[in-house]
Every structure is written in structure tokens, then in C-alpha cells.
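Just below is one structure, and these are the notes that go with it.
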Amino acid sequence: MGGEVVSIYEKMLLVVREIPLGRVATYGQIAWIAGAASPRMAGYALGGLAADTDVPWQRVVNGRGGISPRGDPLATDRQRKLLAEEGVRFGADGRIDLDQFGWGGPDPEWLEAHGFVLLPWRARG
DNA sequence: CTGATGACGGTGC
DNA sequence: GGCACCGCCATCA
């Protein structure tokens, strides 16, 4: 049995790689698409990335279109700069308009090819 | 094995 | 609009 075990983290990173240049996705969106149990999982996955990763981590922002602060304050500035270079505009309040720059998610064909199935967010009750 | 940790999001006040 | 609280669970020491 081709038991190639792919962790939920790997799945989420796979989704992040699909975010097109000039667009952004939220942690919750990534977690939902990859089938993670909580939006936090997406943040944890990105937290383990190496400094020289080729994963476009800068395209993942929080649900309000803002950059989530982390240990290193400089990282926030770095992310903002990378996004600006990709054409993503920030509002006066430092947030991104998700209606304009938000990513609509992977193509249905891509989802099917990778075995991803979009399900309602785990029954919240 | 146990416990701490962590790049979020929704809800209630 | 802000703030506090809770749920979420894969890793690592």
C-alpha cells in the first residue's frame, strides 16, 4: 500500500504554495482547505518553516487582512514589504482589503488531483 | 508517558 | 469599535 504519509502541516503548506502572486489567503482558509481542525494549525505550520523556504508564507494573513505579529517584530515588516512588492496594497490602517486581494481558493481540478475535499468547517456544535 | 507551546478565529460583553 | 475567554491539536522537551 503506497502509504505515503503526509502530515496535515505538509498539506497546508501545499495549499499555501498555490496562492497566486498578488493575492493573499487567511489562516482559516488554508486550514479549512487542507482539512485541519483549527485555523491555528495553519499558523503552527508556517511557524516551522525554514528561513530559506520557497513556500510563499508572506501571502497568508489573518482574518482581518492583517499581518499576525510573532516573536520577531522585523518579520512583520519583512512580510509587509514582500507583499507590497507583489502589488498587494495596504490600507491606512495597515490592513489588506480581502475583497480585493483575497484568494478564492484552488481550482476544483487541483483540489481533486490532490485529494482535497472541501467540507463544512467541523460542525461547530 | 506528561506538559508546554504556538504565524488564529469566533463569540460574548 | 475593543477586550477577554475558549476551542483547537500537531510537535517537541
Side-chain angles (χ1 to χ4, degrees):
Chain A
M1 303 61 83
E4 182 168 338
V5 180
V6 180
S7 74
I8 186 63
Y9 281 10
E10 290 295 327
K11 289 182 180 178
M12 289 190 285
L13 295 179
L14 198 59
V15 176
V16 173
R17 289 176 190 277
E18 292 303 303
I19 306 173
L21 188 149
R23 292 294 184 83
V24 297
T26 67
Y27 295 92
Q29 189 177 4
I30 297 302
W32 174 55
I33 295 171
S38 165
R40 288 195 134 182
M41 298 289 115
Y44 304 157
L46 296 183
L49 291 175
D52 63 345
T53 181
D54 58 341
V55 175
W57 55 271
Q58 73 274 19
R59 295 174 194 158
V60 184
V61 298
N62 63 37
R64 299 168 325 204
I67 295 173
S68 291
R70 63 205 75 168
D72 181 4
L74 295 179
T76 300
D77 194 57
R78 187 176 307 123
Q79 181 170 2
R80 184 181 172 122
K81 186 174 182 179
L82 286 170
L83 288 175
E85 291 175 351
E86 296 184 355
V88 176
R89 296 298 201 86
F90 288 77
D93 57 0
R95 287 188 284 153
I96 298 168
D97 181 356
L98 295 180
D99 285 333
Q100 184 177 0
F101 298 102
W103 179 42
D107 294 329
E109 292 182 3
W110 185 91
L111 289 172
E112 186 175 358
H114 290 270
F116 287 114
V117 180
L118 299 183
L119 297 173
W121 196 257
R122 289 201 184 261
R124 282 181 289 167

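Values below: every heavy atom of this structure, side chains too, minus hydrogens, waters and symmetry copies. Throughout, protein chains are lettered first and strands after them, A, B, ... in sequence-line order, and every chain is numbered starting at 1.
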(request) Would you indicate, yes or no, if C:dT11 has its OP1 or OP2 atom less than 4.0 angstrom from a side-chain nitrogen or oxygen of A:Ser7? (result)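 Yes.
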[atom1] of [X] versus [atom2] of [N]: gap in Å, rounded?
X: A:Gln29; N: B:dG9; atom1: CD; atom2: C1'; answer: 14 Å
X: A:Met12; N: B:dG6; atom1: CE; atom2: C1'; answer: 12 Å
X: A:Arg95; N: B:dC8; atom1: CZ; atom2: P; answer: 16 Å
X: A:Leu49; N: C:dT11; atom1: CG; atom2: P; answer: 13 Å
X: A:Leu46; N: C:dA10; atom1: CG; atom2: P; answer: 17 Å
X: A:Gln79; N: B:dC8; atom1: CD; atom2: C1'; answer: 14 Å
X: A:Leu98; N: B:dC8; atom1: CG; atom2: C1'; answer: 14 Å
X: A:Arg40; N: C:dT11; atom1: CZ; atom2: C1'; answer: 14 Å

(message) What's A:Ser68 touching, base or sugar-phosphate or nothing? Going by heavy atoms closer than 4.0 Å.
(response) sugar-phosphate
(request) Remember a base hit wins even if backbone is also touched, and classify A:Gly63 as base, sugar-phosphate or nothing at under 4.0 Å, heavy atoms. (result) sugar-phosphate
(message) Is there a continuous path of hydrophobic side-chain contacts, each under 4.5 Å between heavy atoms, that joins A:Leu14 to A:Val24?
(response)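 No; A:Val24 is not reachable from A:Leu14 via cluster members.
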(request) Using the rule that two of Ile, Leu, Val, Met, Phe, Trp, Tyr join whenever any of their side-chain heavy atoms come within less than 4.5 Å, decide whether A:Leu21 and A:Leu13 are in one cluster. (result) no
(message) Is the shortest side-chain heavy-atom distance between A:Val15 and A:Trp32 below 4.5 Å?
(response)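 Contact flag for A:Val15/A:Trp32 side chains = no.
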(request) Please examine the side chains of A:Asp72 and A:Arg78, heavy atoms only from C-beta on, and report whether any two atoms are closer than 4.5 Å. (result) yes
(request) For A:Tyr44 and for A:Val61, locate the closest nucleotide of DNA chain B by heavy-atom distance; then report the residue assigned to the nucleotide nearer the 5' terminus. (result) A:Tyr44
(message) Looking at A:Glu109, I want to see if its CD is surrounded by more than 12 non-hydrogen atoms of other residues, nucleotides or ligands under 6.0 Å.
(response) no
(message) Can you identify which nucleotide, out of B:dG9, C:dC8, C:dT11, has its nearest atom closest to the A:Tyr9 side chain?
(response)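 Given the options B:dG9, C:dC8, C:dT11, the side chain of A:Tyr9 is closest to C:dT11.
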(request) Counting heavy atoms from C-beta on, name the nucleotide in C:dC8, C:dC9, B:dG9 closest to the side chain of A:Met41. (result) C:dC9
